[in-house]
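Remarks on the structure that follows.
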There are 2 protein chains.
Amino acid sequence: MAKNVQRKATSFDVARLAGVSRSAVSRAFTPGANIAPETKEKVTKAALELGYRVNSLARGLQKDHSGLVGLVASRLDTPLRSRQVRQLSEALIREGLKPMLITAESPDEVGSLIESLLGYSVAGMIFTSDTPPRALIEDCGRLGLPVVLVNRAGASNWGDRVVADNAQAGQLAARILVDSGAKCLGCLVPRKKTYSVSGRAEAFLGAAAERGLSTEILYTQDQGYADARLGINETDRAVFDRIDGLFCSTDLMALGALDALRIDLGIAVPDQIQVLGFDDIEQASWGSFNLSTIRQDVDAQTKTVVRLLRERIADSSLTNRVERQPLNAVLRGTTRHDG
Amino acid sequence: MAKNVQRKATSFDVARLAGVSRSAVSRAFTPGANIAPETKEKVTKAALELGYRVNSLARGLQKDHSGLVGLVASRLDTPLRSRQVRQLSEALIREGLKPMLITAESPDEVGSLIESLLGYSVAGMIFTSDTPPRALIEDCGRLGLPVVLVNRAGASNWGDRVVADNAQAGQLAARILVDSGAKCLGCLVPRKKTYSVSGRAEAFLGAAAERGLSTEILYTQDQGYADARLGINETDRAVFDRIDGLFCSTDLMALGALDALRIDLGIAVPDQIQVLGFDDIEQASWGSFNLSTIRQDVDAQTKTVVRLLRERIADSSLTNRVERQPLNAVLRGTTRHDG
DNA sequence: TTGAAAGCGCTAACAT
DNA sequence: ATGTTAGCGCTTTCAA
């Protein structure tokens with residue numbers, strides 16, 4: 001089946017067929033270059049005939065970047081993350097950039113991978129990962145390489161950040177539960193800490209304390225549905241007699257908690273305990289859950305990320321910026337709200 | 001913040017510092033090259049000192065490929081697809097390849113994107129997308145570029161394929177429902193056809209017919225949860241008095257159907273109607289659903305895809321191959337099975 | 001507006 | 001085992 005394997009046409013071939021120089025070919029494929037319309041047309045025609053495509057590797061070798069962008073993500077198989085990556089990928093492509101996807105869970109893995117990205121003269125990097133080693137981000141800074149961090153702590157002195165407003169989130173969560181009558185609040189958090197998840201939980205606990213409410217912290221191993229379901233089941237049952245409102249660090253955990261509460265423990269939601277999540281993943285709106293939550297607007301987030309990246313590619317002398325994303329409550333059936 | 005922007009070190013710089021030639025540097029970074037251990041060590045040391053990294057663009061220009069692999073996927077924010085992409089991405093990285101992620105829904109978009117991938121001298125392409133235009137795959141064939149199609153029709157005469165066995169899936173689904181007592185079978189399919197989804201449905205309907213069972217086809221607009229829930233709600237209610245077993249083309253649709261049946265229509269599952277899905281996405285096992293389904297083994301699928309790709313990168317004269325993946329029933333709570 | 005010529009950073013023959 | 005030399009395919013001064 002490997003018959004007829006064609007060698008790729010080069011700008012040289014096109015130049016010869018069109019009867020022009022290689023420079024002319026290059027100009028024909030460079031937007032805004034100084035070239036006569038008829039020359040451009042001749043070139044375009046010849047290129048089409050030969051099936052010519054600019055070799056991005058060679059071009060990238062010449063220019064300051066290759067048009068590739070490193071997109072680093074962990075937990076890609078998770079609802080929120082996959083939505084973020086899909087949108088980021090599409091947005092980058094729309095900007096004429098190409099995402100190189102790096103999926104890795106541990107800092108070590110991520111480290112060596114990013115290392116290798118640098119060899120591709122990427123135009124920038126986007127981290128949605130929980131764990132970009134800060135040393136690497138500093139490497140990027142040293143190279144003047146644009147970096148955008150999504151929902152990550154500003155670990156180093158380099159990189160723009162787009163973050164959900166954790167303080168606001170915690171406040172909002174507490175207010176929602178209190179307004180709908182909760183008197184004793186629980187907060188479900190994973191033992192493995194993460195910038196956004198831990199930040200939210202702390203803000204929530206703080207807000208509850210300010211209002212003079214008593215609080216309980218319930219733990220799960222990690223951030224998955226199963227972790228949360230197990231975590232609830234392993235929590236001392238007496239806790240559920242005390243609390244009447246539960247804020248979960250993520251929707252995924254909230255769904256696990258919900259199933260544990262209703263199915264495993266036979267506790268009525270929202271009558272006995274109200275449950276509030278965070279993120280507004282698609283599953284939160286599904287009929288079986290109908291979860292009240294606080295939405296992260298992924299569309300807006302994506303737009304901001306790409307804008308920051310684009311701006312910094314254009315002008316690397318910018319100072320580091322941080323953009324806080326607005327949050328909206330989405331009240332469904334796991335909280336009470338009739339007043 | 002853009003102070004101290006360093007120029008990247010080149011092999012020339014390393015060569016000079018190490019007191020060797022550029023070839024020596026090249027060899028030091030080429031696994032299995034002919035180089036004396038002590039020379040290699042000198043080079044490695046100098047490279048470390050200068051923060052040198054091989055420029056993959058320049059290397060790719062010289063070799064026959066850049067180490068990049070095109071990973072084309074649609075509906076990335078869907079549970080099965082995100083799992084596939086995560087695993088493929090990780091597996092590629094483990095092979096020393098780097099995935100370029102192309103997410104696009106329409107054939108037109110995909111077309112121009114793949115077009116641009118070709119300019120990066122990719123080592124191969126993997127399509128999980130529903131819609132890779134066949135003309136493009138033929139372009140790849142003309143270039144001798146390895147292509148692996150996942151759950152796609154063999155549209156052209158180029159490309160290896162990894163597919164779930166649709167015929168077996170349909171048979172298995174019918175048998176499961178019949179064995180657990182169903183007499184009249186329904187099949188939920190999206191109007192927008194897709195190779196794997198339509199294939200399964202047809203096989204199922206065929207298998208039911210062979211057993212002399214009457215069947216109903218229920219339609220949804222597309223493959224999402226919401227489409228399925230809506231589709232069920234818009235179906236003539238009389239249908240649900242007739243059927244007592246429903247096979248859904250995908251788990252996502254099954255979950256939408258389940259919520260529609262139980263919550264919107266008040267139909268008992270599995271008592272009145274049994275429901276069977278396909279894929280075994282994570283959500284199928286969640287407590288609220290506990291969906292019986294037929295599993296696609298994504299791990300095995302990924303291994304096969306990467307093996308085929310690797311083999312063909314090594315030897316492009318291979319004939320086109322197709323690997324059928326085994327399927328396993330996962331019986332949970334939406335089917336009866338007490339005999 | 002166009003072409004000639006000089007690289008971008010690397011690898012692979014070839015010669016030593 | 002090592003160095004020399006000649007490209008890979010492109011863009012970009014510089015002259016014309």
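Since this is a predicted model, take the numbers as computed values, not measurements.
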Enumerate all atom pairs, one protein N or O and one N or O from nucleotides 12-15 of chain C, separated by less than 3.5 Å.
residue, atom, partner, partner atom, Å
dA12(C), N6, Ser23(B), OG, 3.3

Hey, can you pull the residues of residues 9-17 of chain B with a non-hydrogen atom under 4.0 angstrom from DNA chain C? Thr10(B), Ser11(B)

Return all side-chain donor-acceptor pairs below 3.5 angstrom for residues 12-26 of chain A, not counting sequence neighbours, or 'none' if the list is empty.
residue, atom, partner, partner atom, Å
Asp13(A), OD2, Thr10(A), N, 2.8
Asp13(A), OD2, Thr10(A), OG1, 3.4
Ser21(A), OG, Ser23(A), N, 3.3
Ser21(A), OG, Ala24(A), N, 3.3

Chain A reaches DNA chain D, atoms under 4.0 Å from its heavy atoms, from dG9(D) to dT13(D)

Numerically ordered, the residues 40-49 of chain A set in heavy-atom contact under 4.0 Å with DNA chain D is none

Suppose we screen for side-chain contact (heavy atoms from CB on, under 4.5 Å). Which residues come up paired with Lys8(B), at least two apart in sequence or across chains? Ser121(A), Leu143(A)

Can you name the residues that form a side-chain contact (heavy atoms from CB on, under 4.5 Å) with Asp108(B), not counting sequence neighbours? Ser106(B)

Could you list all the ring-ring contact (aromatic ring centres under 6.0 Å, His included) pairs where at least one residue sits in residues 94-136 of chain A, not counting sequence neighbours? none

Please identify each residue that fulfils side-chain contact (heavy atoms from CB on, under 4.5 Å) with Asp315(B), with sequence neighbours left out. Ser317(B), Leu318(B)

Holding to side-chain contact (heavy atoms from CB on, under 4.5 Å), I want the full list of residues that pass it with Gln62(A), two or more places apart in sequence or in another chain. none

Angle by which the axis turns from one end of the helix from dT1(C)-dA16(D) to dT16(C)-dA1(D) to the other, five pairs per end, to 10 degrees: 30°

Per the under-4.0 Å heavy-atom filter, residues of residues 50-57 of chain A near DNA chain D come out as Tyr52(A), Arg53(A), Val54(A), Asn55(A)

